[in-house]
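Numbers here are sequence positions counted from 1.
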Amino acid sequence: MLDELIRDSVQGCLMDVSHKFFLKNFERVSKLEVHPGQIPIIRLLGSIEGLSQKEIAGKLNIKPPTVNVSVQRMEKAGLAYRRADKKDQRITRIYLTDKGKEINERIAAMMEENESIITANFTESELCLLKRMLRQVSKNLEDASR
């Protein structure tokens, strides 16, 4: 009975979707030999080259030490490299290597496929409503954290 109550709640639905989404993607991401936490950084650097760690942290809303650890791992894996800023040598800029760019393209394709799977059998108006509701849920959670 309790299981049914949880499953039928909004929280239960969100947990179910989150769990299934994570399982589906974890297997695919692990084949890329990339830590799931690196994906947002790879995607960001794929669209805006040469960001500093501080800029990455600000754009992704994560702590600078987390960015540092991820970038170090990405360097070890040959996905990224650091270079001093040409105008201000105190700033270090992060760039994707060719391997990192190739992984970024594979991640983009994976995300496109995910979007197709997630949105299958929805009309345009249902998708619009779903996005609006999910954004509201996100905002509600953000507001509750203050």
Side-chain angles (χ1 to χ4, degrees), residues 2-3 5-120 122 126-146:
L2 178 62
D3 208 28
L5 290 172
I6 292 170
R7 204 174 325 121
D8 289 339
S9 71
V10 172
Q11 290 178 77
C13 291
L14 286 172
M15 288 189 308
D16 183 51
V17 167
S18 178
H19 180 72
K20 287 176 181 166
F21 185 76
F22 176 80
L23 288 177
K24 173 135 185 71
N25 286 294
F26 186 77
E27 179 185 325
R28 293 169 72 201
V29 169
S30 61
K31 288 179 186 172
L32 297 174
E33 297 176 13
V34 177
H35 186 278
Q38 295 170 348
I39 290 176
I41 297 172
I42 292 170
R43 296 294 295 144
L44 180 60
L45 291 172
S47 62
I48 309 172
E49 285 191 307
L51 293 172
S52 69
Q53 287 185 190
K54 185 178 179 181
E55 290 168 332
I56 293 169
K59 289 184 181 299
L60 297 178
N61 198 28
I62 54 180
K63 293 184 175 14
T66 303
V67 173
N68 186 46
V69 169
S70 290
V71 169
Q72 285 176 346
R73 286 181 180 163
M74 289 167 59
E75 283 180 300
K76 265 188 184 174
L79 302 174
Y81 64 94
R82 299 171 201 246
R83 187 179 339 150
D85 186 280
K86 291 177 183 173
K87 294 177 183 167
D88 186 346
Q89 297 291 306
R90 297 172 297 172
I91 299 171
T92 302
R93 303 260 171 219
I94 317 296
Y95 298 87
L96 291 179
T97 62
D98 287 342
K99 180 180 177 183
K101 290 175 184 175
E102 189 265 326
I103 293 288
N104 181 45
E105 288 176 20
R106 291 173 61 192
I107 292 168
M110 187 180 78
M111 291 175 77
E112 211 172 287
E113 185 182 332
N114 286 345
E115 191 74 10
S116 295
I117 291 167
I118 291 167
T119 60
F122 281 99
E126 289 171 333
L127 285 174
C128 185
L129 184 60
L130 176 63
K131 287 182 216 175
R132 189 182 70 68
M133 286 193 256
L134 289 172
R135 285 184 188 114
Q136 184 63 53
V137 168
S138 180
K139 183 183 180 314
N140 291 349
L141 291 169
E142 234 175 73
D143 292 348
S145 300
R146 292 182 188 155

Test item: [X] and [Y] side chains (from C-beta on) under 4.5 Å apart, heavy atoms:
X: Ile103; Y: Arg106; value: yes
X: Met110; Y: Asn25; value: yes
X: Met74; Y: Leu96; value: yes
X: Lys63; Y: Val67; value: no

Which distance, rounded to the nearest 0.5 Å, do you find between the [atom1] of [X] and the [atom2] of [Y]?
X: Ile91; Y: Arg82; atom1: CD1; atom2: CZ; result: 14.0 Å
X: Leu79; Y: His35; atom1: CG; atom2: NE2; result: 13.0 Å
X: Leu14; Y: Leu134; atom1: CG; atom2: CG; result: 7.5 Å
X: Ile42; Y: Glu105; atom1: CD1; atom2: CD; result: 12.5 Å
X: Leu127; Y: Arg132; atom1: CG; atom2: CZ; result: 14.0 Å

Whether Ser70 side chain and Thr66 backbone form a donor-acceptor pair below 3.5 Å
yes

Please check: side-chain N/O of Lys99 versus main-chain N/O of Ala77, any donor-acceptor pairing under 3.5 Å?
yes

Which pairs pass salt bridge (Lys or Arg N to Asp or Glu O under 4.0 Å) with one or both residues in residues 47-62, sequence neighbours excluded?
Glu49-Lys101, Glu55-Arg93

Gln136 versus Asn140, side-chain donor and acceptor atoms under 3.5 Å
yes

Can you give the donor-acceptor pairs under 3.5 Å from side chains of residues 15-23 to other protein atoms, not counting sequence neighbours?
| from | atom 1 | to | atom 2 | distance (Å) |
| --- | --- | --- | --- | --- |
| Asp16 | OD1 | Lys20 | NZ | 3.3 |
| Asp16 | OD2 | Lys20 | NZ | 3.1 |

Take Leu51 and Ile48, measure what side-chain contact (heavy atoms from CB on, under 4.5 Å) needs, and give me the verdict at the end.
CA-CA 7 Å; Leu51 293 172; Ile48 309 172; 3.6 Å; yes

Would you mind checking if Arg90 and Asp88 are paired as a salt bridge, meaning a charged N to carboxylate O distance below 4.0 Å?
yes

Those residues that, when tested against [X], pass side-chain contact (heavy atoms from CB on, under 4.5 Å) (two or more places apart):
X: Met111; value: Arg43, Ile107
X: Ile117; value: Lys24, Glu113
X: Leu60; value: Pro40, Ile41, Leu44, Ile56, Ile62

Tell me, with the steps shown, if Thr92 and Asp85 meet side-chain contact (heavy atoms from CB on, under 4.5 Å).
CA-CA 6 Å; Thr92 302; Asp85 186 280; over 6 Å; no

Who are the ring pair (Phe, Tyr, Trp, His ring centres under 6.0 Å) partners of Tyr95, not counting sequence neighbours?
Tyr81

Heavy-atom closest contact (Ile94 atom, Ala80 atom, distance)
CG2-CB, 4.2 Å

Within a reach of under 6.0 Å around CD of Gln89, are more than 12 heavy atoms found that belong to other residues, nucleotides or ligands?
yes

